[in-house]
Amino acid sequence: MERMVKGGKKIILTQGDITELSTDAIVNAANEDLILGSGVAGAIRKKGGPSIQEECNRIGRINVGEAVVTGAGNLKAKYVIHAVGPRYGEGNEDEKLRNATWNSLLRAGEKGCLSITFPAISTGVFGFPKDRCASIMLKTVLEFLETQETTVKEVVFCLYSQEDLEIFKKALEVII
Ligand code: ADP
């Protein structure tokens, strides 16, 4: 599913493994310690090789809602943007998820990326409800694309299952 946004920009929803995508940047659903463990991070570590964790180690720790950039090792993307979403139940989750999304887009723009792919941040180990994640992340992306001067023209969401893709499709239909 694809939706056009003001200025010839696009939001695209797809299903699959985010490590297979060749957008300029892919986003990691990271933790504050930037240790690539399970889920999206585990897949990135396995397929991207050790350089990504090494760069993360040099950066150290970041706060929930922040995002930092590393190279992408052996992945097809040029950059991995490590965004820390909230753990469900910790408080202010909606705002933190919005910040993680917004800051990822800022980082992508700073690197001159034309395209970026997000996973459904916080909806795995961190337990955030998927429909709420979809609504927040999609609204944030739409607002960013409509209001910010950015190199980013294409924002892809890569959902892991068909079911998750359907949740994001429904949310996007409500928003655009
Ligand atoms: P978090 O700790 O932020 O919850 P996870 O990586 O555990 O992050 O999960 C985030 C979302 O990414 C979940 O919906 C999960 O099903 C999905 N996911 C896991 N592996 C992949 C992958 N290789 N590609 C795309 N999405 C994935």
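Numbers here simply count residues along the sequence, with the first being 1. Whatever order the structure lists them in is the order used to number ligands and atoms, beginning at 1. On a predicted model such as this, the values are computed, not experimentally measured, just so you know.
Remark: minimum distance from atom 7 (O) of ligand 1 to any protein heavy atom is reached at V125 N, 3.0 Å. Considering only non-hydrogen protein atoms, atom 24 (N) of ligand 1 sits nearest to I18 N, 2.9 Å. The shortest contact between atom 14 (O) of ligand 1 and any protein heavy atom is with T123 OG1, 2.7 Å. Ranking protein heavy atoms by distance to atom 3 (O) of ligand 1, first place goes to S122 N, 2.9 Å.
Nearest-heavy-atom check against atom 10 (C) of ligand 1 across A120, G37, A100, P119 picks out A120. Among F118, Y160, F128, the residue whose heavy atom lies closest to atom 27 (C) of ligand 1 is Y160.
Less than 4.0 angstrom separates some heavy atom of D17 from each of these atoms of ligand 1: 22 (C), 23 (N), 24 (N).
The backbone N or O of D131 lies less than 3.5 Å from no partner atom in the side chain of S135, so there is not a single donor-acceptor pair. Of the possible donor and acceptor atoms, none in the side chain of D24 sits under 3.5 Å from a partner among the backbone N and O of Y79.
Taking a 4.0 Å cut-off on heavy atoms, G16 registers as neighbouring ligand 1.
Checking only distances, I121 never comes within under 3.5 Å of ligand 1, N or O to N or O.
Linking ILVMFWY side-chain heavy atoms closer than 4.5 Å, directly or via other members, places I121 and L172 in a single hydrophobic cluster.
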